Amino acid sequence: MRKMAKCRLNDQLEYLLKDYLDQEGLERDVVVNQAVKEYLIKKMGKKEIARLLKEEAAEENYSLDRLLGTNFDSWLEL
C-alpha cells in the first residue's frame, strides 16, 4: 500500500479531534483512517471502491484481505 503525505487539519478541527481523542482514549490515525474511509464510501460508492481495490490487488498480485489487512467485506460495511 502506498503511503500518502500527512495532512494538516485546520486549527478548529485539530482542537476538536484532540479533545475527542483524549476523551475516548483513541489514536489519531485510527480515527482519521475511519473518517476518510467513511467519506470515500459516501462519495465514491461501494461498487467503485470494490472495483478500484480489485484492480489494485490484481496489479500488486495481492489478495484483497492482504491489501487491506482486514476482511474486504467488512471494509465496505457501514
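Quick caveat, the model's predicted, so the values are computed rather than measured. For the single chain, residues carry numbers from 1 onward in sequence order.
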Report task. Identify, with sequence neighbours excluded, every residue that meets side chain to side chain contact (heavy atoms under 4.5 Å, CB included) alongside Val31. Result ->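 In terms of side chain to side chain contact (heavy atoms under 4.5 Å, CB included), with neighbours along the sequence ignored, Val31 is linked to Leu17, Tyr20, Leu21, Leu26.
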Requested in this report: Check side chain to side chain contact (heavy atoms under 4.5 Å, CB included) between Asp19 and all other residues, then give those that pass, not counting sequence neighbours.
Outcome: Gln23
Report task. Determine whether Val36 and Leu53 fall in the same hydrophobic cluster, where Ile, Leu, Val, Met, Phe, Trp and Tyr are linked whenever their side-chain heavy atoms lie under 4.5 Å apart. Result ->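 Val36 clusters together with Leu53.
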Query raised in the report: Any chain of hydrophobic side-chain contacts (each under 4.5 Å) joining Ile41 to Tyr39?
Result: yes
Query raised in the report: Can you name the residues that form a salt bridge (Lys or Arg N to Asp or Glu O under 4.0 Å) with Asp11, not counting sequence neighbours?
Result: Arg8
Query raised in the report: For Asp22, which residues count as a side chain to side chain donor-acceptor pair (under 3.5 Å) partner, sequence neighbours excluded?
Result: Lys18
**Report entry** Separation between NZ of Lys47 and CG of Leu52, rounded to the nearest 0.5 Å
**Finding:**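 So the NZ of Lys47 and the CG of Leu52 are separated by 14.5 Å.
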Query raised in the report: What pairs of residues pass the salt bridge (charged side-chain N to carboxylate O under 4.0 Å, His left out) test when at least one of them lies in residues 24-33, not counting sequence neighbours?
Result: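 Qualifying pairs, neighbours excluded: Glu14-Arg28.
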Query raised in the report: Which ILVMFWY residues can you reach from Val30 by hopping between side chains whose heavy atoms are under 4.5 Å apart?
Result: none
